[in-house]
Chemist: 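Following this message is one structure expressed as C-alpha cells.
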Amino acid sequence: MSEPMIPPLPPFHHDLVDDADADKLHEECGIFGAIGIKDAANFVALGLHALQHRGQEAGGIVSHDPEEGFNSARRFGYVRDNFTKQSLMKTLPGPLAIGHVRYSTSGGKAPVIRDVQPFFGEFSMGGAAIAHNGNLTNANQLRRELIGRGAIFQSASDSECIIHLMARSMGRTIPDRIKEALRQVEGAFSIVAMTRSKLIGVRDPLGIRPLVMGKIGGGTVLASETCALDIIGAEFVREIEPGEMVIISDDEVTSYRPFEEVKPRPCIFEYVYFSRPDSLLGGKSVYEVRREIGRQLALESYVEADMVCPVPDSGTPAAIGFSQESGIPFEMGIVRNQYVGRTFIEPTEQIRNMGVRLKLNVNKSLMKGKRVILIDDSIVRGTTSRKIKDMILEAGAKEVHFRIASPPTVWPDFYGVDMPTREELLAARMSEDEMAEYLGVDSLKFVSIDGLYRAVGEEDGRDPENPAYHDAVFTGDYPIAPKDQIEQGFKLKAAE
C-alpha cells in the first residue's frame, strides 16, 4: 500500500525508552493529601505511587508536624525510587501532608527542581502549601499583572500564580485567601492544600479534573483517583463536587461553594485513557466504560477477522468489549515489557529507532496468516501506530485493521494535558481514509462521538447544545476560552 504525500510532522523531543508512549496524550499531574494520620507523608507517598501514571517526571511532598513545623522534599524520578527511603521519609514527620507527581513536557526544555510541586508560602497567619492538577488558561495574563505589581516568580509553573494571588489577598484566613485567588483564575484545577492544621480540597466549577475523598481510621485523605485510596486501604467517601471547596480538620469536614454555579463538564478523556481502569469516576467503573467503548466500536465498525488484539495496556478493556460484542476471539498478540526504565540505555540513534520494540513485542506464533484487529485508545501523531503495524506484518499477519476507542483527536487540550500542537495531530491534517493509507493498514475506524457518549451512559449520545462532558479534543468545543493560547495565535473552531 503506497503512502500519501503529506507534510512532515514537526520535530518532537522525547526520551528513547518512552518511544512507545511518546505518541500518547498524557495528564501532567496527580495529587494526594492526608490529615489525622500518624506519619501522613508515608501514606501520601503510597498514594502518589498509585497515581504514578498521571505524572512520571518528578514528585514532591510537604508535611507539617506540630513540633518541627513544615518540611518538604522534591525529587526527580519515580516515587518508588525516592519516597520509599527511610532516610528521606524521616524528614517528613507529622499527621498532615500533601503530595504531587508531575509529567514531563513534550518540548526540549530541561526540567528544573523549582517547578516541582507542592509549592509553599509563608503568610502573616502562617505557612501554606498547595498542589495543583490542571492548567490555568489565563496564567500568562496573571503572571504579567503580578510581576508588574512586584511579584518575583521562582518557577515556570502556572500554579505558582495561585500562591502570589494568595499573598496579595486581604483574606483573614488561608482558606479565604485560596478562595479569593481561585476566583481570579480560569481553566481547570483540582487542588489539595494544607495549613498547619487543615487539609483543603478544591475542584473547579466545571469539574474538569477529578478529586475524591476517603477515610482511613480517624484520618481523611484526598486524591486524584480512587485507586490511590485502595492502595492505603482507605474507604471511598465521595467525589469532591465541581465548584466545591472542602476544609478538613481532625474532626470535621466543612463544605463551601465559593464559585458561581455552572453546569459541570468533566473531562471525558479521563474515561478513555487518563484514569487507571481500576478507578471509579463519576460513579462509574473506568474499566467497564472502556469495555463498553469496545462494544460500541464493534457495533459501529465490525470487520471479519481471526482475532482481536489490544495495544497494551490502555487498549485492553476496549479490546475485550469488542471481542465480546463481535464474537471474534480476544488474543494477547502484543506483550508489553513492564521493566524498561527511563535510563535503560544511552539514546544512540541506532537504539532510538528500536524504541517501540523495547516496550512492545509481537507474539509471532499467533500472527502468521491471521486477520488481526488492533484496538488502541487513540491516535495522536500516528508514528507509534505505524511501527506497531509494521511489527504485526513482519510477524506474518495477513491483514491489519485498526479500531480506535475514541473519536479522532483533532484539537489540543489546554486544561492540564501534555499535548502536541494542532499541526502535529494526524487527524487534524488527514481524513480517516487518508490516515488508513498513511498508517498502511487495511482499514481504520474510530468510535463515533455519540458512541463514546453512549459508553459513558448518555443513551442519546452527545447533545450538541448541552454536552455533558469536556470533549474539546474531539469537537473543538472549549468550555473555557484558552485566552493565553488565543493570545499566541491559536484559532478556535468558530474562527476557522
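This one's a predicted model, so the numbers in the text were calculated from it and none came from an experiment.
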Chemist: Without swapping roles, check the side chain of E424 against the backbone of T421 for a donor-acceptor pair under 3.5 Å.
Modeler: yes

Chemist: Does any non-hydrogen side-chain atom of H53 lie less than 4.5 Å from one of S314?
Modeler: no

Chemist: Counting N and O atoms only, with roles assigned by atom type, does the side chain of D377 sit under 3.5 Å from a partner on the main chain of S406, one being a donor and the other an acceptor?
Modeler: no

Chemist: Write down the atom of I232, the atom of L46, and the distance for their closest heavy-atom approach.
Modeler: CG2-CB, 3.8 Å

Chemist: Check D460, D471, D463 against Y453 for a side-chain hydrogen bond (donor to acceptor under 3.5 Å, both in side chains) and give me the one that passes.
Modeler: D471

Chemist: Atom CD1 of I130 and atom CE of M166: how far apart are they, to the nearest 0.5 Å?
Modeler: 6.0 Å

Chemist: Is any side-chain heavy atom of V185 closer than 4.5 Å to a side-chain heavy atom of N138?
Modeler: yes

Chemist: Before you tell me yes or no, could you show the steps for K483 and E186 under salt bridge (Lys or Arg N to Asp or Glu O under 4.0 Å), namely the whole-Å CA-CA distance, both residues' side-chain angles and the distance that decides it to 0.1 Å?
Modeler: CA-CA 9 Å; K483 289 182 179 177; E186 299 173 10; 2.9 Å; yes

Chemist: Can the ring centroids of F269 and F474 be said to lie less than 6.0 angstrom from one another?
Modeler: yes

Chemist: With under 30° as parallel and over 60° as perpendicular, where do the rings of Y478 and Y415 fit, or are they tilted in between?
Modeler: perpendicular

Chemist: Whether E145 and R168 form a salt bridge (side-chain N of Lys/Arg under 4.0 Å from carboxylate O of Asp/Glu) is what I want to check.
Modeler: no

Chemist: Below 4.0 angstrom, N of the basic side chain to O of the carboxylate: do R143 and D484 qualify?
Modeler: no

Chemist: Between the side chain of R209 and the main-chain N/O of S190, is any donor-acceptor distance below 3.5 Å?
Modeler: no

Chemist: Would E270 and R54 pass as an ion pair if we require N to O under 4.0 Å?
Modeler: yes

Chemist: Output yes when D477 and R462 qualify as a salt bridge under the 4.0 Å nitrogen-oxygen rule, no when they do not.
Modeler: yes

Chemist: Does L165 offer a backbone N or O that forms a donor-acceptor pair with the side chain of Q184 under 3.5 Å?
Modeler: no

Chemist: Taking NZ, NE, NH1 and NH2 as the nitrogens, is one of them in E260 or R183 under 4.0 Å from a carboxylate oxygen of the other?
Modeler: no

Chemist: Going by salt bridge (Lys or Arg N to Asp or Glu O under 4.0 Å), name the residues that satisfy it together with R238, two or more places apart in sequence or in a different chain.
Modeler: E244

Chemist: Verify side-chain hydrogen bond (donor to acceptor under 3.5 Å, both in side chains) between D313 and T316, making sure each step is shown before the conclusion.
Modeler: CA-CA 6 Å; D313 292 314; T316 302; 5.0 Å; no

Chemist: Give a yes or no answer on whether the side chain of S157 reaches the backbone of S159 with a donor-acceptor pair at less than 3.5 Å.
Modeler: yes

